[in-house]
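Heavy-atom basis, side chains included; hydrogens, waters and symmetry copies ignored. Predicted, not measured: the structure shown is a model, and the values here were computed from it.
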Amino acid sequence: MGKHNIIQPVKGTRDFYPEQMAIRTWLYNAVRKVSESFGYQEYEGPYLEYIDLYAAKSGEELVKEQSFVFPDRGGKLIALRPELTPTLARMVAQRQGQLTFPIRWWSYGPFWRYERPQKGRTREFFQWNLDLIGLASPITDAEIVSVITSFFRLIGLSSQEIIINVNNRRLMDVQLGKIGIKKNKKEVFRLIDRKEKLKQDAWLEYGIELGLTTDQINSLTNLLENKELWHQSEELEQFFDLIDVMGISDYVHYDPKIIRGLDYYTGTVYEAKSKDPSIKRAILGGGRYDNLLADVGGNPLPGAGFAMGDVVITLLLNQLQKLTKDLRVNPAPVFVTVFDDKHMAQSFRIADDLRKSGLNVNIYPQAIKLGKQIKYANRIGAKIVLIIGPDEIKDNTVTIKILNTGEQQTIGYKSVINYLIKMLEPDKSS
RNA sequence: GCGGCUGUAGCUCAAUGGCAGAGCGUCGCACUGUGGAUGCGAAUGUUGCGGGUUCGAUCCCCGUCAGCCGCCCCA
C-alpha cells in the first residue's frame, strides 16, 4: 500500500496536478494571446530529431553534454530536442521557395536538457519561441522586444519587477577591435558574459589566461561600464529610438555586459531578468541572427527571436504572488445533488438538460447524505448546487443554492436553465 | 559531470542511541432535506532506499536515490 513502492518520476521532470496544470494552461493562453496580437502564426516541430541537426549549430556542450540521446533500431542517434532553432531553420529551409517573407512564427512546447536540476531549472521544460525571419533591421528587433513587454504587461509584471537588458554583438566586436582584441573573440565574449558572476580577481585572472594584456583588461573593464556605448552603434540608436516611440523604454535598458551564450547571435541581443535578486536566472533571452539557414543548407536568411522557459517565469510569478487570480481548477460551476436512489433519475435528467444548454455540470454519483454532497461541492469549487428532492419533483421545481452567499431559492423546472445561464454569464467572459 | 546541505504522517515541521510526536489537512459524529464555523472522536509512518557499527539505529558510519545551493551551461 505505502508509497515506498511507487516508482519515482524521472529526475528533473514535473507532475502537473490540476492546480499546476491550470497555471500551465494559463501561461500558454497568455503566450498565444500576445503572439497572435502581433500576427505571429503558431507552428510546431517534432520532439525527436537526428543529433546531426544540432551537431553543426548549437554549442558543442548543448549537444554533447546536455541532450538526451539514444540510438534508434538502425543505430542512428536521436535526440530529444534541446532547443527549437535548428528545427525552425530546417523547416524554413525546406520551404524557403514558397514562404512569404518576412515570416512571423511562434511555438510553445516541451524540451529536454540533461542538466543538474535545481531551482528554476528542470530536465523537462516548456519553452516559448518566437521568431521574425527574413529581415535584418532594428525595426524587427524592436518589434520582438515589444512582444516581450506586451507579454510582461499582460501577465502583470511591471518595469518595477522586470528589466530587459540589451546589447549588440557587432558593436562589441568593433569595440574589442579598437582595444586591440582581434583573436579569441568567442572566448572574450564568454569573459564578458561572466563579468557579473566572477569575483573581480578571478575575472582578471581569467582575462590574463585568455592572453589579454593588463591594458586590454582595463580598457575592457571601462567598456563594460560605459552605459553610453550604444551611441556608437547606428543599429542600437535606431533600436532605442523605436523603443522610445513604442513607449516601452521603462522596461528596456542598455547594458554592455549582455552578450548571450549561443554562438549564432550576430547583432542585437537581450535578456530579461527579475529585479528581485533572489532569482538570478534569465527569464528569457534572444537576439538577432543573420545566418540562420547556413548550417542546414539553405540560403542565408536574417532573423531575430527569443526563447522563454516556463520554469523561471512561473517561479517569479509565484514569488510575487501573481498567480492567485481566478485560475479555474474546477471547470463545472454547477453541481447537481442526488436525493436518493428513487429520485436519482430526475437529477440526471436536469444535469443532462443543462449540459445540452452549454453549461458544465457535475453530479454526485451516489445517493448519500445531502450535507456531504454539498460539502463535497464546496470543496471542489462549485458555485451553485441544485437540489432535487421529493418536494421539488412533486411541484416540478428545482432548488438552487448559491454557495458563497448561502442564499437559496426554489424555482420552476422550466426556468432553471435560463436562470442559471443568466446567473453565470459574467463569469463566462473571463 | 564536480563540490556542499537536506530527506520523519497527505502538507509544514518537532524529537530521542531505548514504545515515533504536534499543527494543518483527511475521515466520522453532534447535524438521516443543506456546505463553510465550533466541539468531540478516529485513521495514517518499513523515519527516502540498501548495507554497516551496536544488546538495540529514525539518530552514528558507508553507499545509493531524490530535492535544494553553488560550478558548468542555459530557457
Side-chain angles (χ1 to χ4, degrees), chain A residues 1-14 17 27 31 58-67 81-85 107-130 148 190 193-194 197-199 202 259-263 265 271-273 278-286 305-316 335 337-340 343 364 367-393 399-410:
Chain A
M1 235 210 85
K3 62 173 182 179
H4 7 275
N5 16 355
I6 296 174
I7 292 171
Q8 284 181 337
V10 173
K11 181 173 178 165
T13 62
R14 290 166 294 166
Y17 287 86
L27 191 63
V31 160
S58 327
E60 290 275 296
E61 169 117 13
L62 190 57
V63 184
K64 282 192 185 150
E65 309 290 339
Q66 300 199 328
S67 293
R81 61 180 190 181
E83 60 158 337
L84 192 59
T85 305
S107 185
Y108 188 84
F111 294 85
W112 294 265
R113 287 189 197 168
Y114 205 105
E115 285 187 282
R116 192 110 159 97
Q118 48 188 283
K119 197 177 185 180
R121 210 96 306 190
T122 57
R123 287 183 172 181
E124 180 178 69
F125 58 97
F126 287 80
Q127 197 179 68
W128 177 25
N129 283 262
L130 183 138
I148 293 169
R190 187 184 208 80
D193 205 33
R194 303 178 74 182
K197 290 197 106 175
L198 295 177
K199 289 193 180 131
I259 211 78
R260 304 300 303 157
L262 293 173
D263 293 343
Y265 292 126
E271 66 182 38
K273 290 193 132 182
S278 76
I279 298 181
K280 289 178 198 122
R281 293 182 185 283
I283 294 161
L284 92 222
F306 72 89
M308 181 192 81
D310 69 314
V311 183
V312 177
I313 189 78
T314 306
L315 196 68
L316 175 63
F335 190 96
T337 57
V338 171
F339 192 80
D340 58 22
H343 301 91
Y364 203 89
I368 57 167
K369 271 193 201 170
L370 247 195
K372 288 195 183 176
Q373 297 187 47
I374 293 171
K375 190 173 193 164
Y376 175 83
N378 189 44
R379 289 260 170 82
I380 66 170
K383 297 199 165 92
I384 293 164
V385 168
L386 301 191
I387 297 159
I388 305 109
D391 296 346
E392 285 83 359
I393 291 176
T399 296
I400 295 176
K401 185 182 179 73
I402 297 162
L403 283 179
N404 56 14
T405 62
E407 60 186 287
Q408 113 179 22
Q409 57 182 307
T410 301

Novice: Watson-Crick or G-U wobble partner for B:rG45, using a 3.5 Å limit on both distances?
Specialist: none

Novice: Please state the C1' separation for the pair B:rA14 and B:rC49 - nearest whole angstrom.
Specialist: 23 Å

Novice: Which is more 5' along RNA chain B, the nucleotide nearest A:Arg281 or the one nearest A:Thr405? Just name the residue.
Specialist: A:Thr405

Novice: Between A:Asn129 and A:Ala307, what is the shortest heavy-atom contact and its length?
Specialist: OD1-CB, 3.7 Å

Novice: Has A:Lys119 got a side-chain N or O lying under 4.0 Å from the OP1 or OP2 atom of B:rG70?
Specialist: no

Novice: What contact category does A:Glu392 fall into here, base, sugar-phosphate, or nothing, at under 4.0 angstrom with non-hydrogen atoms?
Specialist: base

Novice: Could you list, one pair per line, each protein nitrogen or oxygen that sits under 3.5 Å from a nitrogen or oxygen of nucleotides 38-41 of chain B, together with the distance?
Specialist:
none

Novice: In whole angstrom, give me the gap between the C1' atoms of B:rG35 and B:rA30.
Specialist: 16 Å

Novice: Using a 4.0 Å heavy-atom cut-off across all strands, classify A:Asn129 as base, sugar-phosphate, or nothing.
Specialist: nothing

Novice: Is any side-chain heavy atom of A:Trp112 closer than 4.5 Å to one of A:Arg123?
Specialist: no

Novice: Go through the N and O atoms of the side chain of A:Glu271 and the base of B:rA75, and report whether any donor-acceptor pair is under 3.5 Å.
Specialist: no

Novice: How many Å lie between CD on A:Gln66 and P on B:rC71, as a whole number?
Specialist: 14 Å

Novice: Thinking salt bridges, do A:Glu271 and A:Arg260 make one under a 4.0 Å N-O criterion?
Specialist: yes

Novice: Can you tell me how far C1' of B:rC29 sits from CD1 of A:Ile368, to the nearest Å?
Specialist: 15 Å

Novice: Say we look at B:rA37 and B:rU26: how far apart would their P atoms be, to the nearest angstrom?
Specialist: 9 Å

Novice: Applying the 5.5 Å / 30° rule, does A:Phe111 stack onto the base of B:rA75?
Specialist: no

Novice: Does the side chain to side chain contact (heavy atoms under 4.5 Å, CB included) test come out yes or no for A:Asp310 and A:Arg14, once each step is laid out?
Specialist: CA-CA 12 Å; A:Asp310 69 314; A:Arg14 290 166 294 166; 3.0 Å; yes

Novice: On a whole-Å scale, what distance lies between the P atoms belonging to B:rG51 and B:rC59?
Specialist: 13 Å

Novice: Side chain of A:Gln8, heavy atoms from C-beta onward: which of B:rG67, B:rC65, B:rA75 has the nearest atom to it?
Specialist: B:rC65

Novice: Pairing donors with acceptors under 3.5 angstrom, does anything connect the side chains of A:Thr399 and A:Glu392?
Specialist: yes

Novice: Using a 4.0 Å heavy-atom cut-off across all strands, classify A:Gly286 as base, sugar-phosphate, or nothing.
Specialist: nothing

Novice: Separation of A:Asn378 atom CG from B:rG36 atom C1', in whole Å?
Specialist: 6 Å

Novice: Over how many whole Å does the gap from A:Asp193 atom CG to B:rC71 atom P extend?
Specialist: 13 Å

Novice: Between A:Lys372 and B:rG28, is there a side-chain N or O to OP1/OP2 distance below 4.0 Å?
Specialist: yes

Novice: Classify the nucleic acid contact of A:Lys273 as base, sugar-phosphate or nothing, counting any heavy atom under 4.0 Å across all strands shown.
Specialist: nothing

Novice: Is any side-chain heavy atom of A:Lys383 closer than 4.5 Å to a side-chain heavy atom of A:Asn404?
Specialist: no

Novice: Whole-Å distance between B:rA75 P and A:Phe126 CZ?
Specialist: 18 Å

Novice: Can you find a donor-acceptor pair, distance only, under 3.5 Å between A:Arg113 side chain and B:rA75 base?
Specialist: yes

Novice: Base, sugar-phosphate, or nothing: which does A:Glu115 touch, judged by heavy atoms less than 4.0 Å apart?
Specialist: base

Novice: Need the pair for B:rC71. Rule: Watson-Crick or G-U wobble, both distances under 3.5 Å, any strand; none if unpaired.
Specialist: B:rG1

Novice: Do A:Ser107 and A:Gln127 come close enough that some side-chain heavy atom pair is under 4.5 Å?
Specialist: no

Novice: Determine the contact category for A:Pro390: base if any of its heavy atoms lies under 4.0 Å from a base atom, sugar-phosphate if only primed atoms, P, OP1 or OP2 are that close, otherwise nothing.
Specialist: base

Novice: Measure CD1/A:Ile393 against P/B:rG33 and give the value in whole Å, please.
Specialist: 15 Å

Novice: Identify the nucleotide, in any strand shown, that forms a Watson-Crick or G-U wobble pair with B:rG50, with both distances under 3.5 Å; if there is none, say none.
Specialist: B:rC62

Novice: With rounding to the closest Å, how many angstrom separate the P atoms on B:rU8 and B:rC68?
Specialist: 14 Å

Novice: Check A:Arg113 against A:Glu83 and note the closest heavy-atom contact, atom names and distance.
Specialist: NH2-CB, 3.8 Å

Novice: Hey, does the side chain of A:Gln118 come within less than 4.0 Å of B:rG70's phosphate (OP1/OP2), counting only N and O?
Specialist: yes

Novice: Report which part of the nucleic acid A:Ile387 touches: base, sugar-phosphate, or nothing (heavy-atom distance under 4.0 Å, all strands).
Specialist: base

Novice: For B:rG67, take OP1 and OP2 only and decide whether either is under 4.0 Å from a side-chain N or O of A:Arg116.
Specialist: no

Novice: Checking all strands, does A:Leu403 fall into the base, sugar-phosphate, or nothing category for heavy-atom contacts under 4.0 angstrom?
Specialist: base

Novice: Using a 4.0 Å heavy-atom cut-off, does A:Asp310 contact any base of the nucleic acid, only the sugar-phosphate backbone, or nothing at all?
Specialist: nothing

Novice: From C-beta outward on A:Arg379, which listed nucleotide comes closest to its side chain: B:rU34, B:rC27, B:rA66?
Specialist: B:rC27

Novice: Using both distances under 3.5 Å as the test, list the Watson-Crick or G-U wobble partner of B:rC29, or none.
Specialist: B:rG39

Novice: Which heavy atom of A:Ile374 sits nearest to which heavy atom of A:Val385, and what is that distance?
Specialist: CG1-CG1, 4.1 Å

Novice: When we call it a touch if two heavy atoms are under 4.0 Å apart, what does A:Phe339 touch: a base, just sugar-phosphate, or nothing?
Specialist: base

Novice: Is there side-chain contact between A:Lys372 and A:Tyr364, with at least one heavy-atom pair below 4.5 Å?
Specialist: no

Novice: Rounded to the Å, how far apart are A:Tyr364 OH and B:rG35 C1'?
Specialist: 13 Å

Novice: In whole Å, measure the gap between the C1' atoms of B:rU38 and B:rG67 for me.
Specialist: 39 Å

Novice: For B:rA9, give its Watson-Crick or G-U wobble partner with both distances under 3.5 Å, or none.
Specialist: none

Novice: If you define the side chain from C-beta out and look only at heavy atoms, does anything of A:Phe335 sit under 4.5 Å from A:Ile380?
Specialist: yes

Novice: Take the protein atom OH of A:Tyr376 and the nucleotide atom P of B:rU34, then report the distance between them rounded to whole Å.
Specialist: 20 Å

Novice: In whole Å, what separates the P atom of B:rG21 from that of B:rU32?
Specialist: 35 Å

Novice: Rounded to whole angstrom, note down the C1' distance from B:rG56 over to B:rG48.
Specialist: 22 Å

Novice: Is A:Lys11 touching bases, backbone alone, or none of the nucleic acid, heavy atoms closer than 4.0 Å?
Specialist: sugar-phosphate

Novice: Classify the nucleic acid contact of A:Gln373 as base, sugar-phosphate or nothing, counting any heavy atom under 4.0 Å across all strands shown.
Specialist: nothing

Novice: Let's test this: given Watson-Crick or G-U wobble pairing with both distances under 3.5 Å, identify the partner of B:rG18.
Specialist: B:rC55

Novice: Can you say whether the rings of A:Phe126 and A:Tyr108 are parallel (under 30°), tilted (30 to 60°) or perpendicular (over 60°)?
Specialist: parallel

Novice: Categorize A:Thr410 for me: base, sugar-phosphate, or nothing, with a 4.0 angstrom heavy-atom threshold over every strand shown.
Specialist: nothing

Novice: Quick one: on RNA chain B, does A:Lys280 or A:Phe125 contact a more 5' nucleotide (nearest heavy atom)?
Specialist: A:Lys280

Novice: Do A:Lys369 and B:rU32 share a donor-acceptor pair, side chain to base, under 3.5 Å?
Specialist: no

